[in-house]
Amino acid sequence: MASASSPSLDVATPERVALTLPVAGIGYRCLAWLVDATLLFFFWVTAYFIFSLLVSDVLGVFQGLSGFAQTVLAVGFFATQWLYWTLAEVFFHGQTPGKRLLRIRVVRVDGSPIGVYESAVRNLLRAVDFLPAFYAVGTLSMLFTRQHRRLGDLLAGTVLVREERFDLGKYTAAAQASAQALPTVLPAGAGPLASEEVELILAFLERAKWLEPDARRQLGTRMVERLGGLAEEERAAVLASTQATEEFLRARAQAVR
Amino acid sequence: MAESLPAFVGRRRPDWEALQELLARQRAGTVRLEELRRLDTLYRRAAADLAHAQTFYPGTDAHRFLNQLCGQGYAAIYQPPRDRWLAVRDFFRREFPATLRAEGRFVAVSASLFILGLLLGALVVLLEPRGAELLVPQGVRDHVAAGRMWTDDILSVAPPNAVSSGIATNNLTVVIFTFASGILLGLGTVFTLVNNGVQIGAISALCAREGLGLKLLDFVSAHGPVELSIITIAGGAGLIVGQALIDPGELPRAQALALRGKVAVKLVLGCAPFLAAIAMVEGFISPGSLFPTALKALLGLTLGGLFWAYLLRAGRDASLSSTSLRWAMASSRLR
């Protein structure tokens, strides 16, 4: 319901089902990049400290070996600009440490895992996406493409997808032991609810703990009334306390007939 | 009428969790062969559940969970072939040079753009000495005016921007940028090539005027030929990308881009080890006067010649021999 308007990656699998994976937006990507950039920064700081521990006069060494130092710096720059991202994406199934933390992943536009070429392309293109500073070009590209892809993703044919955490337990959670003493009435002859109503009730029950008491009671009452089908005295019993209301709703959502 | 959502989830959940667990182990690389069969079965069942959820419980968390689960299973089962070291060897033996020969006209266009810039820059400075004020960075000009080479102390000069001063600065930035800016409809690549050509041409002409020509030759001759070749190849790759954008042919632009991007990046990846090797030459041999100019020039020409001989010859007969092998096998089977 909630994800209907957000962009997604549609994949037709050989099993003839259509997958719809949620695409990671700019916020996720920005945070993941920050994590990776911080890691790289600390790597260079550590490298610098180790180097200056071994060699006291750092600047003097650089000037003395200008040609060699340039080579080392070029290789180091290369490593940060490219090797880190590419190696991580190839060996950790499309995830750098930052992406793993944010639970996003690079995949091809057909949903399959990326290979060396795709990763190499999208990370080489960072040079252009970064222009003129802090991924301005990349951000514009993400704003104007449907699946939030930067130029590197367009060229490599890749998308970033998001992985969500789901708690399936909420569908089958047993009633709390304390509440089982209360009699739960179910309207006679009521069939199973439509899946939207089940979702609605379960979403409410999940959040109920954190609601203000008044709002909690009001929402519960409205839910019960929406379901309907209760006789007058049953309704009074169900609405007597929030506990009874929620117990009724849970039983109603999980009714299997 | 379908069963209720909680009943469906409750009934099928053990299978999904088993699949989740198998997928996690598959990612960690600790799955045995018979478990792979089970993974396949479970994936197919989950796909059927997804189809069921799509029909009867669209938009619910259970549906989205199944989407994600099947996405992960799909990724695990339909993996691209894993590239091993053998593939790397094959890439450099055959694929990279063959790709370069197939896309030779792009490299040729890139080279002519670069040479065009080179001639323009040199001509401007030779005909109108004050043109150097426009084309050559201030730091370099100061050094030349003082009769010294800026390459004597590269780090203290720190040229103003890495893209523009082609010789002295970071070759990698130049190479990557020359390729990557092809995504700007190829204009970025064209600009980078011409601009680098103009810079190098202008600097050379300035040095020649001020009597530093030999010193410049001393510095660039060892690594110049290979390095400029690599920049040219990267330029060719950038032009491939630009062409895919401007003229995608019968494919949609996005697909043409992804298809040609793969070809282009093969050219760039192939250059990487040569670029690293030539960086070592530039770091150790080019600066200073450890080696005489003649030796450096000889080395540069030899390396350049070897590089192009490799590009133009390597793997040329490989396809021939493999077809003849297949032919031999076929004929032996006929007998």
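All values below were derived from every heavy atom in this structure, side-chain atoms included, with hydrogens, water molecules and symmetry-related copies excluded. Note that the coordinates shown come from a computational prediction; the quantities given were computed from them, not determined experimentally.
When heavy atoms are compared at a cutoff of 4.5 Å, E163(A) approaches chain B by way of both its backbone and its side chain. Within the 4.5 angstrom heavy-atom criterion, only side-chain atoms of L131(A), from C-beta onward, approach chain B. For chain A, the nearby part of L184(B) is the side chain; its heavy atoms alone come within less than 4.5 Å. Heavy atoms closer than 4.5 Å to chain B are found in the side chain of R108(A), but not in its backbone. Within the 4.5 angstrom heavy-atom criterion, only side-chain atoms of F166(A), from C-beta onward, approach chain B. For R126(A), no part lies under 4.5 angstrom from a heavy atom of chain B. Heavy atoms closer than 4.5 Å to chain A are found nowhere in E17(B), neither backbone nor side chain. Contact annotation for Y43(B): only side-chain heavy atoms (C-beta onward) come within less than 4.5 Å of a heavy atom of chain A. Interface residue A253(A): only backbone heavy atoms are found under 4.5 Å from chain B. With a threshold of 4.5 angstrom between heavy atoms, V121(A) approaches chain B through its backbone and through its side chain.
Ranked by heavy-atom pairs under 4.5 Å with chain A, the first of A254(B), A62(B), A48(B), A264(B) is A62(B). Highest contact tally toward chain A, considering only Q54(B), R27(B), R260(B), is held by R27(B) [criterion: heavy-atom pairs under 4.5 Å].
Between L21(A) and G71(B), the shortest heavy-atom distance links the atoms CD2-CA, 4.2 Å. Heavy-atom minimum distance, A120(A) versus V265(B): CB-CG2, 4.1 Å. Across all non-hydrogen atoms, the minimal contact from Y74(B) to S112(A) is CE2-N, 3.8 Å. Considering all non-hydrogen atoms of both residues, I176(B) and A127(A) come closest at CG2-CB, 3.7 Å. Between V268(B) and L124(A) the shortest heavy-atom distance is CG1-CD1, 3.8 Å. Shown here for Y171(A) and P6(B), the closest heavy-atom pair between the two residues is O-CB, 3.5 Å.
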Begin with the C-alpha distance, continue with both residues' side-chain angles, and end with the deciding distance and a verdict on side-chain contact (heavy atoms from CB on, under 4.5 Å) for V241(B) and L155(A).
CA-CA 8 Å; V241(B) 174; L155(A) 184 53; 3.9 Å; yes
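With rounding to the nearest 0.5 Å, the separation of CD in Q26(B) from NE2 in H93(A) is 6.5 Å. Atom CG of D129(A) and atom CD1 of I183(B) lie 8.0 Å apart (nearest 0.5 Å). Going from atom CD of E196(A) over to atom CG of L5(B) covers 10.0 Å, rounded to the nearest 0.5 Å. The structure places CG of L66(B) at 8.0 Å from CG of L168(A), a figure rounded to the nearest 0.5 Å. Interatomic distance, CZ of R253(B) versus CG of L154(A), reported as 12.5 Å (0.5 Å rounding).
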